[in-house]
Amino acid sequence: MEEIKENKIKRAPIVVVMGHIDHGKSSLLEKIREDLVITKKEAGGITQHIGAYEIEKDGKKITFLDTPGHEAFFNIRKRGAKIADIGILVIDATEGVKEQTKEAYFAAKEANLLLIVALNKIDKPEAQPEIVKNQLAEIGLLVEDRGGDVPCVNVSAKTGQGIDTLLDLIFLLSEIKNLTTEIDVPAEGVVIETCLDARRGPVATLILEKGILRENKILGTSTTFGKIRSMEDFKGNKISEAFPSQPVVVLGFEECLAVGDRFKEYQTIEEAKENIKPININQLFTFKKNKTEEGKKVCNLILKADVIGSLEAISFILEKLPKEEVNLCVLKTGIGNVTIDDVKLANENKAKIFAFRVNIDSQAQQFLKMTKTQVKTFEVIYDLVEDLRREIEKILIPEVKKIELGTIKIIAIFKQSKNRQIVGGKIIEGEVERGCQVEILRENEKIGNGKIVSLQIEKKNIEKAQKGKEVGMLIESQDKINLDDILKVFKEEKRKKEVIF
């Protein structure tokens, strides 16, 4: 740690990687970690996932929040706190700006993060970085070569191209921001990961903002407290002290912590206990057990999670669910494993059970075999959100899109009956396909509808014909067609609606 004036020290920048789910965030982090953290000798020994890690380049460090979209980031935003200094907005240069790209940008802007745009997959021939920059400009993000102040770098998680430049940009921004903190004060920071280990008890990953963490210190959050009995770095190595910006795994808390909660150092256990403010699980989901509105589809859900903090994070994301057509009804939430009561409730209400970082009890597993109820388990919050999005899309009524194909002028009437008519026409625009729908126009006003049952040219059946051709048609319609009527030919496509969180 580098000393500077006024008893403060410089600290490493904390960086969160953001963007669309399939644009290579994890691959980029893996490449950075592969090149600068994990050696071949160490790789076999690293088994735990702790939510953050450090890299070192030219004697300087950066802390990355590991899982992009990690629930800590959502909870920290919800509480109005801030942990990251810099956001990297990763965009696939072959696909461009997506809805999640926009959401990530506006979230970074709201959090006052310094931003770097990383155009990934630049090694692919179909990459179009200039088009992506134009798309960013349309949402108000101007990169430096478009007259803005946001740095932009071309990278490839596959080849490593541009990664050194990206890291140098992070160091440059952290110098400009002059990241410093105090160490002669009680320790304070944020919880970024939490789990219950069967052997070691509650395990928490913390990022320290100020002070120095040491063994036997007493820490407290709004939900629990504890005395540090052991600390590890992100590689699982035992350490005796931790400094600001450093991710550290801590054992010794009485219960699992709430992800995104702040922790502080206290002098006594009694003092730490006084600051506990229990969370009411039943108040997390404002859409819990909502009455079904007429005309809306319903998705019944039961949520089980490892700790309250996880439920908070899930609640925060699901609050953003579009509610125009789907009523999301959370029948039950709870901490701990999926039980037989959960399965019975789901079976009675045709509900989905989503289990976040918890298991299924043996009795519940036996009952599941006798029902059609499914339990889906997740370890990453974005996987849960994506799966819920797909479940909701399944129950949405598909959008029907009208696709106009061509125009026919009626030049002959051969035979007409109650529901069917054989007519001749000339295609004056576009093309015509057998099986398509038609609108019948007379003197520019619609007088009816129909369907092309069969299509012929010179008495030979065909599937389609283009502009300029004269065709014979069997039209199925209750509306009588006259000479010089115009048929507007179209087809309808059902398209699955997308749900964007």
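For this chain, numbers begin at 1 and follow the sequence in order.
- Side-chain contact between Leu65 and Ile207 is present, with at least one heavy-atom pair separated by less than 4.5 Å.
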I'd like to know whether Leu136 forms a side-chain contact (heavy atoms from CB on, under 4.5 Å) with Arg146, so could you lay out the CA-CA distance, the side-chain angles of the two residues, the decisive distance to 0.1 Å, and finally the verdict. CA-CA 10 Å; Leu136 289 172; Arg146 290 287 192 278; over 6 Å; no

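- When side chains are defined from C-beta on, Ile14 does not count as touching Val16, because their heavy atoms never get closer than 4.5 Å.
- When side chains are defined from C-beta on, Asp387 does not count as touching Leu384, because their heavy atoms never get closer than 4.5 Å.
- Each of Asp485, Asp484, Ile481 was scored for a side chain to side chain contact (heavy atoms under 4.5 Å, CB included) with Arg442, with one residue passing: Asp485.
- Here the CD atom belonging to Glu431 is positioned 5.5 Å from the CD atom belonging to Gln466, to the nearest 0.5 angstrom.
- Val343 and Ile353 make their closest contact through CA-CD1, 3.9 Å (heavy atoms, listed as atom of the first residue, atom of the second, distance).
- Taking CD1 of Ile55 as the start and CD1 of Ile163 as the end, the distance is 10.0 Å to the nearest 0.5 Å.
- Under a 4.0 Å N-O distance rule, the pair Glu492/Lys402 does not qualify as a salt bridge.
- Counting only distance, with no hydrogens or angles, the side chain of Gln161 and the backbone of Asn154 share no donor-acceptor pair below 3.5 Å.
- Heavy-atom contacts from other residues, nucleotides or ligands closer than 6.0 Å to CD of Glu458 number 12 or fewer.
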Go through the steps for Phe367 and Thr373 under the test side-chain contact (heavy atoms from CB on, under 4.5 Å), then give the verdict. CA-CA 9 Å; Phe367 191 74; Thr373 303; over 6 Å; no

With side-chain contact (heavy atoms from CB on, under 4.5 Å) as the criterion, how do Asp85 and Leu113 come out once you've worked through the C-alpha distance, each side chain's angles and the decisive distance to 0.1 Å? CA-CA 6 Å; Asp85 307 297; Leu113 294 182; 5.8 Å; no

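- Judged purely by atom type and a 3.5 angstrom limit, Arg262 has no side-chain atom pairing as donor or acceptor with the backbone of Val190.
- In this structure, Thr101 and Ile139 have side chains that are not in contact, with every pair of non-hydrogen atoms separated by 4.5 Å or more.
- Ile440 has its side chain within reach of Leu487: a pair of non-hydrogen atoms, C-beta onward, lies under 4.5 Å apart.
- Under the 3.5 Å distance criterion, the side-chain polar atoms of Asp383 are left unmatched by any main-chain donor or acceptor of Phe378.
- For Gln363, the CD atom sits in a loose shell: 12 or fewer heavy atoms of surrounding residues, nucleotides or ligands are nearer than 6.0 Å.
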Between Asn120 and His23, does a side-chain contact (heavy atoms from CB on, under 4.5 Å) hold up when you go through it step by step? CA-CA 7 Å; Asn120 193 23; His23 281 194; over 6 Å; no

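- Put simply, the side chain of Lys25 gets close to the backbone of Gly19: a donor and an acceptor are under 3.5 Å apart.
- No more than 12 heavy atoms of other residues, nucleotides or ligands shown are found within 6.0 angstrom of NZ on Lys480.
- Atom CD of Glu404 sits in a sparse spot, with 12 or fewer heavy atoms from other residues, nucleotides or ligands closer than 6.0 Å.
- No donor-acceptor pair closer than 3.5 Å links the side chain of Glu433 to the backbone N or O of Ile452.
- The shortest non-hydrogen separation linking Cys299 to Leu388 is SG-CD1, 4.3 Å.
- Rounding to the nearest 0.5 Å gives a distance of 5.0 Å between CD1 of Ile62 and CG of Leu167.
- One finds the NZ atom of Lys451 at 11.0 Å from the CG atom of Leu474 (value rounded to the nearest 0.5 Å).
- Closest of all the heavy-atom pairs between Asn337 and Asn359 is OD1-N, 3.0 Å.
- With a 4.5 Å cut-off on side-chain heavy atoms, Val471 and Val432 do not count as touching.
- A donor-acceptor pair under 3.5 Å is absent between the side-chain atoms of Ser315 and the main chain of Leu311, judged by distance alone.
- Counting only distance, with no hydrogens or angles, the side chain of Gln135 and the backbone of Gly96 share no donor-acceptor pair below 3.5 Å.
- Within the 3.5 Å criterion, the main-chain N or O of Leu331 finds no donor-acceptor partner in the side chain of Asn300.
- Within 6.0 Å of the CD atom in Glu144, the count of heavy atoms belonging to other residues, nucleotides or ligands exceeds 12.
- The shortest heavy-atom contact between Glu126 and Thr94 is CG-CG2, 3.5 Å.
- One finds no salt bridge joining Glu470 and Lys426 here, because no Lys/Arg side-chain nitrogen approaches an Asp/Glu carboxylate oxygen to under 4.0 Å.
- Checked by atom type and distance alone, the side chain of Asp342 pairs as donor or acceptor with a backbone atom of Thr339 at under 3.5 Å.
- Glu391 has its side chain within reach of Phe354: a pair of non-hydrogen atoms, C-beta onward, lies under 4.5 Å apart.
- Counting heavy-atom neighbours within 6.0 Å of Asp149 CG, excluding the residue itself, gives a total of 12 or less.
- Less than 6.0 angstrom separates the ring centroid of Phe64 from the ring centroid of Tyr53.
- Nearest heavy-atom pair, Leu28 versus Val155, reported as atom, atom and distance to 0.1 Å: CD1-CG2, 4.2 Å.
- Going from atom CG of Asp306 over to atom CD1 of Ile335 covers 7.0 Å, rounded to the nearest 0.5 Å.
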Are Thr165 and Asp168 close enough, and set up right, to give a side chain to side chain donor-acceptor pair (under 3.5 Å), and what steps lead you there? CA-CA 5 Å; Thr165 304; Asp168 288 341; 5.7 Å; no

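- The CD1 atom of Ile475 lies 8.5 Å from the OG atom of Ser454; values are rounded to the nearest 0.5 Å.
- Side-chain contact check for Gln421 versus Ile413: every heavy-atom pair is 4.5 Å or farther apart.
- Side-chain N/O atoms of Glu439 and Asn449 include no donor and acceptor closer than 3.5 Å.
- Nearest heavy atom pair, residue Pro129 against residue Leu119, reads CB-CD1, 3.7 Å.
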